[in-house]
Amino acid sequence: MNSNELMAELLLPNITKTTDYYENLYPARNLPEGARVTRIAPSPTGYLHLGTLFAALVNRITATSTNGIFYTRIEDTDKKREIEGGIEDIIDGLNRFGITIDEGFVSGTEQKGEYGPYQQSQRAEIYQTYVKELIRQGLAYPCFCTAEELEAVRTEQEAQKVRTGYHGKWAKHRDISYEEAKALIDEGKPFVVRLKSNGNEENKIIFEDTIKGKIEMPENDEDFVLLKSDGIPTYHFAHAVDDHLMHTTHVLRGDEWISSVPKHIQLFKILGFKPPKYGHISPIMKLDNGAKRKISKRKDPEAAVHFFAEQGYDSECVIDYLMTVAASDFEDWRRANPDTSYKAFKFNLKKMSVSGALFDEVKLTDVSKNRVSKLSSGEVYDKITAWAKEFDGEFYEILTKNPEYTKSVFAIDRDVPKPRKDIAKWSEAKEYFSYMFGELYTPNFTLPENINTEDAKDFLNAYKDVYDDKDDRQQWFDRIKAIAPTIGFASETKQYKAEPESYKGHAGDLSTVLRIGVTGRRNTPDLCSIMQVLGRDECIKRIDTAINSL
RNA sequence: GGCCCGGUGGUCAAGAGGCCUAAGACACCGCCCUUUCACGGCGGUAACACGAGUUCGAAUCUCGUCCGGGUCACCA
């Protein structure tokens, strides 16, 4: 054994498999030409983040549009930051938003696929096998520096105004001998394994980012950590080994990774792997006191995807919104294909924006209203009750007490050719439809300024006598028009506009009075439909109450 | 500070040297339609960060300045 081989045995004595073993275990995927293999690799450190959902969507649609594979892999190499139930939160969140997972973690506990395990903490032996091979080749070495020593080096570098980091002459253990290492290990000193970088800061590496285009950066000359002292790899090393073994073709991730690309490409080369294509996704930003910043889970409620569920934004609407952010031509496509799943959209990574977009809830509202307006009353009923069941028990009880009635409420101005665009999210529905449910109805009989109370009462009394709940829209309005002249109002709006001084108002004003009487508000969907759904008895009751309250 | 990336209306953006007198969407405003509010239709306000070059010609190419973002861990 030469000294490198001795070192390898010294550092990782329990590793007996070879890299060939794993290369054979995970053969190339049998996929059609052009199929892209993508993944997201979240760490279970908290709730599903909007940025993660966004990245998942981009990866999912990239795989879908090429008949490829999209898989999940859990990056839990940092046990300190891990939280209970983190995996479940993320995977369930993805499922909730309709992001289908071909392989990897498909639920909080269940993995599927031939390239597993899909959790890095379960892959320690694999990483160590590759590290051992690197040590054997003299491409990696143990470093015994303590945090304090590293800090001291850094301070010194700052004082000398030179580039900080563990590189070149600052890399204390870069040329450590087997004997020295053995002595330290015998003393029980902990160590990490570092890459013996062959990079030179003066040289440039150039790579083609599938989203951002050509990027040029200095080569990595830092002897960065491959294996932490607990034997678990750093992200960089795990990324190289996993994405090679799992045959990822496209690594599409947040652009905070862009500065690590030189390290990653270097690793792929040294390990003899073919590097994947990289695409770096710009973050979703938030305006904070006039300054743009990356949306943050701590500061922004909408950064946690949970927010959208609570608010009752339909998952498809959120996805559609995210698609408009991801692809500038998606909106046009959506207009041309209003009823097609976004999955059929021809997605192109090059069309993605290179700078971060501000999260725009107003735009989300618009996208949502458009889609919600196209749902049938039955679909709205199903979605809204599902939402209420989870987030508003009282509303759920009210909605489900009489499902047929509730559906007829949702059908107003909805199951028609030009549906009403009203609600964007389910949490608005309780207030929006409150006047349709006795338990929620609190009338407010405030008349518009141009109508006096006596006229309103006269009108309502007159209307009560002729009201017929079998009327269709035209008949319904004709009755109002018929009453108008009897109390000094114009039957036609045009009449009134032509001679405003001759009338107190017009039939439209009177319909407003009726609207206030029946629903307690000035703006509602079609009143005739509302009255039909409410039923004769309820309408009469409300009109009487209004007459007495005015 | 070093290294990257970016900068077109309030927001998202189209734009690949002449088609730009700069698209479209959201938001906002006005008008029309109209039983209210919406919807829909029509119209409107509003932008190439700045400065030098290259060129017959620059939003587009180059350089500089400024501004914004990212990153410089035994975190991912």
Side-chain angles (χ1 to χ4, degrees), chain A residues 41-45 75-78 80-82 120 143 145-147 150-151 154 158 161-166 190-194 201 209 212-213 215-218 222 224-236 238-239 253-262 280 282-283 285 287 291-294 321 324-325 327-332 334-335 351 353-367 369-370 373 413 416-422 448 473 476-477 480-481 493 506-516 519 521-528:
Chain A
S43 21
T45 53
E75 309 236 316
D76 57 346
T77 54
D78 185 3
K80 293 186 290 287
R81 299 200 312 157
E82 200 167 324
Q120 293 181 332
C143 167
C145 288
T146 61
L150 259 16
E151 184 52 39
R154 179 183 193 81
E158 278 167 1
K161 295 204 191 320
V162 295
R163 193 160 46 88
T164 57
Y166 201 90
F191 64 91
V192 299
V193 177
R194 286 182 184 272
E201 218 234 344
D209 189 288
K212 305 220 181 207
I215 294 175
E216 191 175 315
M217 273 192 258
E222 180 125 354
F224 61 91
V225 175
L226 267 19
L227 224 48
K228 299 185 263 188
S229 55
D230 59 2
I232 299 292
T234 56
Y235 169 86
H236 304 117
H239 153 56
R253 77 252 271 201
D255 74 357
E256 68 272 19
W257 288 111
I258 213 159
S259 57
S260 303
V261 171
H280 293 274
S282 304
M285 316 284 280
L287 207 55
K292 259 191 183 184
R293 61 166 170 71
K294 201 166 147 182
Y321 168 68
T324 68
V325 175
S328 54
D329 48 348
F330 181 77
E331 277 187 274
D332 288 338
R334 174 51 82 207
R335 261 190 293 281
K351 283 268 178 188
S353 168
V354 288
S355 51
L358 241 31
F359 174 75
D360 186 353
E361 197 174 347
V362 175
K363 182 78 179 183
L364 203 212
T365 297
D366 178 65
V367 170
K369 281 186 177 175
N370 276 318
S373 74
D413 279 2
V416 294
K418 275 169 67 175
R420 183 182 177 80
K421 288 187 191 175
D422 41 29
R473 274 188 199 200
W476 174 88
F477 194 48
I480 295 173
K481 285 203 230 181
T493 311
H506 57 86
D509 294 325
L510 296 176
S511 78
T512 297
V513 172
L514 182 57
R515 171 171 282 108
I516 290 170
T519 68
R521 53 174 79 189
R522 292 176 62 171
N523 309 332
T524 70
D526 177 59
L527 224 207
C528 176

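If you're wondering where the values come from, they're calculated on a predicted model, not measured in any experiment. To find a chain, count down the sequence lines: A is the first, B the second, and so on, and within it residues start at 1.
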(request) Examine distances only and state if a side-chain atom of A/Asp509 and a backbone atom of A/His506 form a donor-acceptor pair shorter than 3.5 Å. (result) yes
(request) Over all heavy atoms of both residues, which pair between A/Glu75 and A/Gln120 is shortest? Give the atoms and the distance, please. (result) OE2-NE2, 2.9 Å
(request) May I have the distance from A/Met217 (atom CE) to B/rU71 (atom C1'), rounded to whole angstrom? (result) 10 Å
(message) Under 4.0 Å, heavy atoms only, any strand: does A/Arg335 hit a base, just the sugar-phosphate, or nothing?
(response) sugar-phosphate
(message) Taking only the C1' atom of each, what is the distance from B/rC61 to B/rC48 in whole angstrom?
(response) 15 Å
(request) May I ask you to verify if any side-chain N or O of A/Arg293 is less than 4.0 angstrom from the OP1 or OP2 atom of B/rG70? (result) no
(request) Have a look at A/Arg334 and say if it touches a base, only the backbone sugar-phosphate, or nothing, with a 4.0 Å heavy-atom cut-off. (result) nothing
(request) Decide side-chain contact (heavy atoms from CB on, under 4.5 Å) for A/Leu527 and A/Trp476; before the verdict, give the C-alpha distance in whole Å, the side-chain angles of both, and the deciding distance to 0.1 Å. (result) CA-CA 9 Å; A/Leu527 224 207; A/Trp476 174 88; 3.5 Å; yes
(request) Rounded to the nearest angstrom, tell me the gap between atom CG in A/Asp255 and atom C1' in B/rC5. (result) 7 Å
(message) If the cut-off is 4.0 Å, is A/Lys228 near the phosphate of B/rC75, judged by side-chain N/O to OP1 or OP2?
(response) yes
(request) Between A/Asp413 and A/Gln120, just flag the one whose closest nucleotide in RNA chain B comes earlier from the 5' side. (result) A/Asp413
(request) If B/rG1 has a Watson-Crick or G-U wobble mate with both distances under 3.5 Å, name it; if not, just say none. (result) B/rC72
(request) Rounded to whole angstrom, note down the P distance from B/rC4 over to B/rC63. (result) 12 Å
(message) Using atom P in both nucleotides, what's the gap between B/rC3 and B/rC50 to the nearest angstrom?
(response) 26 Å
(request) Report yes if at least one side-chain N or O of A/Ser259 is closer than 4.0 Å to OP1 or OP2 of B/rC3; otherwise report no. (result) no
(message) I want to check one thing: is the phosphate of B/rC37, taken as OP1 and OP2, less than 4.0 Å away from some side-chain N or O of A/Lys421?
(response) no
(request) Look at the side chain of A/Pro218 and decide which nucleotide, out of B/rC4, B/rU11, B/rA76, has an atom nearest to it. (result) B/rC4
(message) Using a heavy-atom cut-off of 4.0 Å across all strands, would you classify A/Lys369 as base, sugar-phosphate, or nothing?
(response) nothing
(request) Nearest whole angstrom, please: distance from the P of B/rC4 to the CD of A/Glu201. (result) 9 Å
(message) Would the base of B/rC37 count as contacting A/Thr524 through its side chain, where contact means a donor and an acceptor less than 3.5 Å apart?
(response) no
(message) What's A/Arg194 touching, base or sugar-phosphate or nothing? Going by heavy atoms closer than 4.0 Å.
(response) sugar-phosphate
(request) Could you measure between the two C1' atoms, the one in B/rC56 and the one in B/rA23, and give it in whole Å? (result) 27 Å
(message) What's A/Val192 touching, base or sugar-phosphate or nothing? Going by heavy atoms closer than 4.0 Å.
(response) base
(request) For B/rA27 versus B/rG40, give the span between their P atoms, rounded off to a whole number of Å. (result) 10 Å
(request) Pick the P atom in B/rC33 and in B/rG7, then give their distance to the nearest Å. (result) 45 Å
(request) Could you check how far CG of A/Leu358 sits from P of B/rU11, rounded to whole Å? (result) 7 Å
(request) Send over the distance from A/Glu222 CD to B/rU71 P, rounded to a whole Å. (result) 16 Å
(message) Please report the distance separating the C1' of B/rG17 from the corresponding atom of B/rA58, rounded so that it comes out in whole Å.
(response) 6 Å
(request) Check the distance between B/rA25's P and A/Lys351's NZ and give it to me in whole angstrom. (result) 17 Å
(request) Tell me which nucleotide among B/rU35, B/rC74, B/rC39 gets nearest to the side chain of A/Ser229. (result) B/rC74
(message) Just N and O in the side chain of A/Lys363: are any of them under 4.0 Å from OP1 or OP2 of B/rG10?
(response) no
(request) Can you tell me, in whole Å, how much space there is between the P of B/rA47 and that of B/rA22? (result) 10 Å
(message) Does a side-chain N or O of A/Ser282 approach OP1 or OP2 of B/rG69 to a distance below 4.0 Å, or not?
(response) no
(message) Under 4.0 Å, counting only non-hydrogen atoms across every strand here, what does A/Arg515 touch: a base, just sugar-phosphate, or nothing?
(response) base
(request) Please tell me which of the listed nucleotides, B/rA13, B/rG15, B/rC75, lies nearest to the side chain of A/Arg81? (result) B/rC75
(request) Would you mind classifying the nucleic acid contact of A/Ala507 as base, sugar-phosphate or nothing, using non-hydrogen atoms under 4.0 angstrom? (result) nothing
